[in-house]
Protein chains: 2
Amino acid sequence: MTTAPSTPNLAIFRSYASKPDPTSLPPSILLSHSETCLTVFDAFPKSIFHFLVIPRIQPPLSARHLTDLRSLLQCEKSTAREVLMNLNKEANNVKKLIEEEMMKLYKFKWDIWMGFHPISSMEHLHLHVLSADLYSPKMKLKKHYNSFHPSLGFFLHLKDVLSWFDAVPSYYQRMIKLDASHYELLLKDGDLCCWWCDRALVSMPKLKAHLHDEFDKLTTRENAKLERKRKRTDVLASSVQASATDDERPEKVARLTPIQGDGSSDPTVGGDLPS
Amino acid sequence: MTTAPSTPNLAIFRSYASKPDPTSLPPSILLSHSETCLTVFDAFPKSIFHFLVIPRIQPPLSARHLTDLRSLLQCEKSTAREVLMNLNKEANNVKKLIEEEMMKLYKFKWDIWMGFHPISSMEHLHLHVLSADLYSPKMKLKKHYNSFHPSLGFFLHLKDVLSWFDAVPSYYQRMIKLDASHYELLLKDGDLCCWWCDRALVSMPKLKAHLHDEFDKLTTRENAKLERKRKRTDVLASSVQASATDDERPEKVARLTPIQGDGSSDPTVGGDLPS
DNA sequence: TATTCCGATAGTGAC
DNA sequence: GTCACTATCGGAATGAG
């Protein structure tokens with residue numbers, strides 16, 4: 001008899017990525033998959049919508065090449081680019097799904113970010129696909145927030161990483177180093193700045209309350225837009241009873257925001273979506 | 001109408017020390033007084049018994065000279081010594097009161113420490129007189145504990161301060177400097193060591209649990225002593241019905257440990273005395 | 001840059 | 001080295017057949 005190690009499963013994405021049949025994963029984990037990728041729910045979503053697109057382990061790449069962004073970018077350049085392009089294709093499909101769900105639940109769409117963390121505790125490469133709000137009860141620590149801030153520098157947008165491939169080779173070589181100490185500083189230092197308005201907040205609770213306000217403002221703004229549009233439509237087409245938009249929605253839509261709440265019963269500012 | 005300052009009353013001991021009639025203080029604050037000193041309950045006792053002996057402000061010394069130990073020791077040497085001797089006399093009376101209360105409540109006595117903090121936030125000199133246990137729910141922080149550890153160096157025993165006066169002048173001049181940065185390091189650096197057994201503890205909760213155990217051992221030891229003594233007394237004087245020891249106790253004894261508990265309902269290790 | 005738990009640390013406000 | 005409150009920082013443990 002052997003004793004199992006008392007460590008968390010930091011390689012769980014690798015086990016997903018090595019499955020011959022991703023559909024053996026439960027639907028609470030798997031959103032979708034392609035020949036080259038699979039998409040899972042982030043277990044600790046830092047935005048209202050948050051998924052991870054993971055490259056499947058298949059020739060010519062082994063698990064070792066796909067450990068993280070740095071290990072991928074140390075592979076042959078065209079190979080690395082192909083992996084990124086495959087992730088990009090899957091991520092764009094996920095983006096469409098999210099946008100459909102946004103329309104269903106909120107009646108409007110907002111931005112969706114796709115990008116990597118240059119350093120990660122989880123042992124398999126994963127592309128974050130998340131809605132542009134950073135509004136979630138799981139958003140708890142400064143490093144959580146700064147790791148997704150869209151202009152701080154830690155969150156590496158996929159389009160930027162792809163652009164490195166088209167730059168001069170010296171730039172490519174410099175960027176793919178992904179120096180850990182450089183990126184660590186970005187998370188710890190600097191203030192907490194609202195990614196919407198760039199205002200500095202003094203603490204995470206204050207930041208979360210502010211993000212709540214910003215999302216509320218967005219909702220109010222978009223609802224006012226809808227209201228104006230509805231009034232125009234009422235005037236122009238008051239005799240039309242059925243809308244065609246219903247038909248554009250998929251027959252079955254995955255529930256993309258399965259469980260909100262931080263798992264505790266502790267009521268916190270920003271813990272709930274605005275009503 | 002004037003607005004009270006938004007600061008804590010760091011000079012409250014000074015206001016006590018300037019009272020022409022100390023008995024105007026309520027008995028929940030004042031324990032006793034003399035021509036030169038008064039003794040108050042420490043509002044946040046760090047031992048089972050904990051009092052502060054405060055020099056009264058009277059000629060030739062002003063409040064400024066009595067701000068803290070350093071300011072006193074910068075006065076003319078014989079004047080400073082006289083203040084310390086007056087504090088010593090009052091403290092010895094307090095010590096006797098505590099020992100009587102120890103006998104009443106615990107049936108045995110243990111050591112009592114008398115000494116100063118070389119740096120203090122409170123603005124008037126005060127001599128700590130406290131039982132040698134450091135066992136109290138108000139003992140919460142490392143700096144609390146280390147500031148009373150009897151051999152760490154921060155707690156300046158009165159008898160040691162008095163000995164400076166009899167040393168060579170160069171030693172006296174060196175000691176009365178009371179360099180703040182030196183003493184600050186003593187509170188922050190170094191481990192938490194049990195003052196009974198010198199064992200290092202890794203955290204305050206562990207230390208408090210250990211101090212609880214040490215006080216329990218003391219209690220058990222002393223109770224065993226008493227039991228042995230009682231058995232000898234039973235054999236030798238079984239015919240004597242009335243003991244003389246009752247008469248030695250004062251007719252009225254101040255309640256020296258007025259309120260235990262840390263003011264919250266939060267049950268903490270070491271928060272209660274051993275039963 | 002997995003989370004969670006515990007505790008130490010740091011800043012603030014205190015009427 | 002006043003306290004009490006809030007929040008941050010820092011290490012260690014963490015799962016599951």
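Residue numbers start from 1 in every chain, and the chains themselves are labelled A, B, ... in the order their sequence lines are given, proteins ahead of strands.
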- [ ] Take the protein atom NZ of Lys143(A) and the nucleotide atom P of dG10(D), then report the distance between them rounded to whole Å.
- [x] 11 Å
Open item on the list: Tell me whether the side-chain N/O atoms of Lys188(B) come closer than 4.0 Å to OP1 or OP2 in dG1(D).
Closed with: no
Task: Residue Pro8(B), side-chain atoms from C-beta onward, closest of dG1(D), dA14(C), dT3(C) - done: dA14(C)
Open item on the list: For a quick check, tell me whether the side chain of Lys142(B) and the base of dG7(C) share a donor-acceptor pair closer than 3.5 Å.
Closed with: no
- [ ] Ignoring backbone atoms, establish whether His117(A) has a side-chain N or O less than 4.0 Å from OP1 or OP2 of dA2(C).
- [x] no
Open item on the list: Distance check needed: dC3(D) C1' versus Leu10(B) CG, whole Å only.
Closed with: 10 Å
Task: Interatomic distance at C1', dT4(C) relative to dG17(D), whole Å - done: 24 Å
Task: Phosphate OP1/OP2 of dT3(C) contacted by His144(A) side-chain N/O (<4.0 Å) - done: yes
TODO: Go through the steps for Ser71(A) and Asp68(A) under the test side chain to side chain donor-acceptor pair (under 3.5 Å), then give the verdict.
DONE: CA-CA 5 Å; Ser71(A) 65; Asp68(A) 53 26; 3.2 Å; yes
TODO: Measure from the side chain of Pro205(A), starting at C-beta and using heavy atoms only, and say which of dT3(C), dA4(D), dA7(D) lies closest.
DONE: dA7(D)
Open item on the list: Which residue is it: Trp113(B), Phe155(B), Phe215(B), Tyr145(B)? I am looking for the one with a ring-ring contact (aromatic ring centres under 6.0 Å, His included) to Trp195(B).
Closed with: Trp113(B)
Open item on the list: Does dC3(D) have OP1 or OP2 under 4.0 Å away from a side-chain N or O of Lys46(B)?
Closed with: yes
TODO: Within residues 118-134 of chain B, find the residues that approach DNA chain D with a heavy atom at under 4.0 Å, and present them sorted by residue number.
DONE: Ile119(B), Ser120(B), Ser121(B), Met122(B)
- [ ] Can you tell me the distance, in whole Å, between the CG atom of Leu141(B) and the C1' atom of dG7(C)?
- [x] 11 Å
Open item on the list: Let me check I have this right: for DNA chain D, each base becomes ., (, ), [, ] or |, based on Watson-Crick or G-U pairs with both distances under 3.5 Å. What is the full string?
Closed with: .|||||||||||||...
TODO: Ignoring backbone atoms, test whether Ser147(B) places a side-chain nitrogen or oxygen under 4.0 Å from the OP1 or OP2 oxygen of dG1(D).
DONE: yes
Open item on the list: Heavy atoms from C-beta onward define the side chain here; which of dT3(C), dT8(D), dG1(D) lies closest to that of Met204(A)?
Closed with: dT8(D)
Task: Whole-Å gap separating P (dC3(D)) and NE2 (His50(B)) - done: 10 Å
